[in-house]
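Order of the sequence lines fixes the chain letters, A, B, ..., with proteins taken first and strands second; residue numbering starts at 1 for each chain.
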There are 2 protein chains.
Amino acid sequence: MIPAPDELSPVDGLAQLSFLVHGTLERLASEHGMSITQARLLGVLRDRTPTMKEVGRLLGLDKSSTTGLVDRAEARGLVARVPSETDRRAVRVHLTDDGRSLVSQVAGRFEREISTVLERLRPRDRDTLSRLVSRVLVAHAADHGIDLFSGINVD
Amino acid sequence: MIPAPDELSPVDGLAQLSFLVHGTLERLASEHGMSITQARLLGVLRDRTPTMKEVGRLLGLDKSSTTGLVDRAEARGLVARVPSETDRRAVRVHLTDDGRSLVSQVAGRFEREISTVLERLRPRDRDTLSRLVSRVLVAHAADHGIDLFSGINVD
DNA sequence: TATTGTTATACTCTATAACTATA
DNA sequence: TATAGTTATAGAGTATAACAATA
């Protein structure tokens, strides 16, 4: 009989961790009647008032997909379109009060749930993990010309 | 002016890492004309020949969603339904040769791409990261009665 | 002419409810 | 009666192509 491994391969570990985190966000969003995409939309609007085109770039969506996404969020009263003051073709998307309240709730629960998972490590190990994860992300972002803290490509 | 942080918060780091890994899988699957769901279906069939009900449980889908998923994969010649030998209501789903070849290709590319990202760390740090990730996953799995190596709930 | 955004259309993914065949 | 699976239907999410308004 083959002994069970007591550790996953590095890639398998990252894959499973990624599904765990992604699944957590999906569950929390769904508890508030949202998909991950809707949650991400509200998330990027927390500190921006982008045009439709910029929303699409931030979320990696075609402009037609963005139209539908914002339509549905607007119908629920979570976001609003306002005409751009500088370009009469463009609109800016911003959170409503309801949208801001909802995204804060979901973000808070996400923070708490992931923290709970991390608390299974001793504080020292937690710091080490966090530092190594940051280092991987920083290196990868540098390789691909991405601003890690805004998510915006700075090519 | 606020100085830019040189490290993300632990939760932000995990979230971004998770999107990086998930996005990589999504891109690789899409390069082969598949969604993540299709890739996961082929993945779970690599070492199993489950019934439709079991496929749904493994992927977290309703039985009707499973029917459609398997329909589309079968239409592409990636999987096949075979009647169960013990229960005439049930069918077993298995990979075709084409399906096995496709999933091996995608899995190989995923392994290589994620390994490339990890190679930005020194071998020593890589081992540490991998060990800590495994430890988090093992603890979380134990908390939730999940067999980490099969993904199957053993409640 | 180029850009911003919407509309028309089509396909995947997902769920609920109703149904068929078998246990 | 209960279970395995499919079908009917509906909605979200995605893309491509064609279009209108504006730059």
Closest to the [X] side chain: [options]?
| X | options | value |
| --- | --- | --- |
| A:D87 | D:dT22, D:dT7, C:dG5 | D:dT22 |
| B:R89 | D:dT6, C:dA23, D:dG13 | C:dA23 |
| A:L61 | D:dT14, C:dT22, C:dT14 | D:dT14 |
| A:S35 | C:dT16, C:dG5, D:dA12 | D:dA12 |

Next item on the list: Tell me which of A:G60 and B:K63 sits closer to the 5' end of DNA chain D, going by the nucleotide each one is nearest to.
Entry: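 Its nearest nucleotide being more 5', the pick is B:K63.
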
Notebook entry, point to check: Relative to the 5' end of DNA chain D, which residue comes earlier, A:D62 or A:R88, by the nucleotide with the nearest heavy atom?
Noted result: A:D62

Note to self: Tell me every residue that passes ring pair (Phe, Tyr, Trp, His ring centres under 6.0 Å) with A:F19, counting only those two or more places apart in sequence or in another chain.
What the structure shows: B:H22

Notebook entry, point to check: NA contact type, A:S84, heavy-atom cut-off 4.0 Å: base, sugar-phosphate, or nothing?
Noted result: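 Nothing, no heavy atom under 4.0 Å.
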
Note to self: Students often get this wrong, so: under 4.0 angstrom with heavy atoms, is A:T37 touching a base, only sugar-phosphate, or nothing?
What the structure shows: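 A:T37: backbone/sugar contact only, no base atoms under 4.0 Å.
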
Check: Does B:D47 CG have over 12 foreign heavy atoms under 6.0 Å away?
Finding: yes

Checklist line | Within residues 61-71 of chain A or reaching into it, pairs that qualify as salt bridge (charged side-chain N to carboxylate O under 4.0 Å, His left out) - sequence neighbours excluded | finding: A:D71-A:R81

Check: Under 4.0 Å: is that the gap between some side-chain N or O of B:R81 and OP1 or OP2 of D:dT6?
Finding: yes

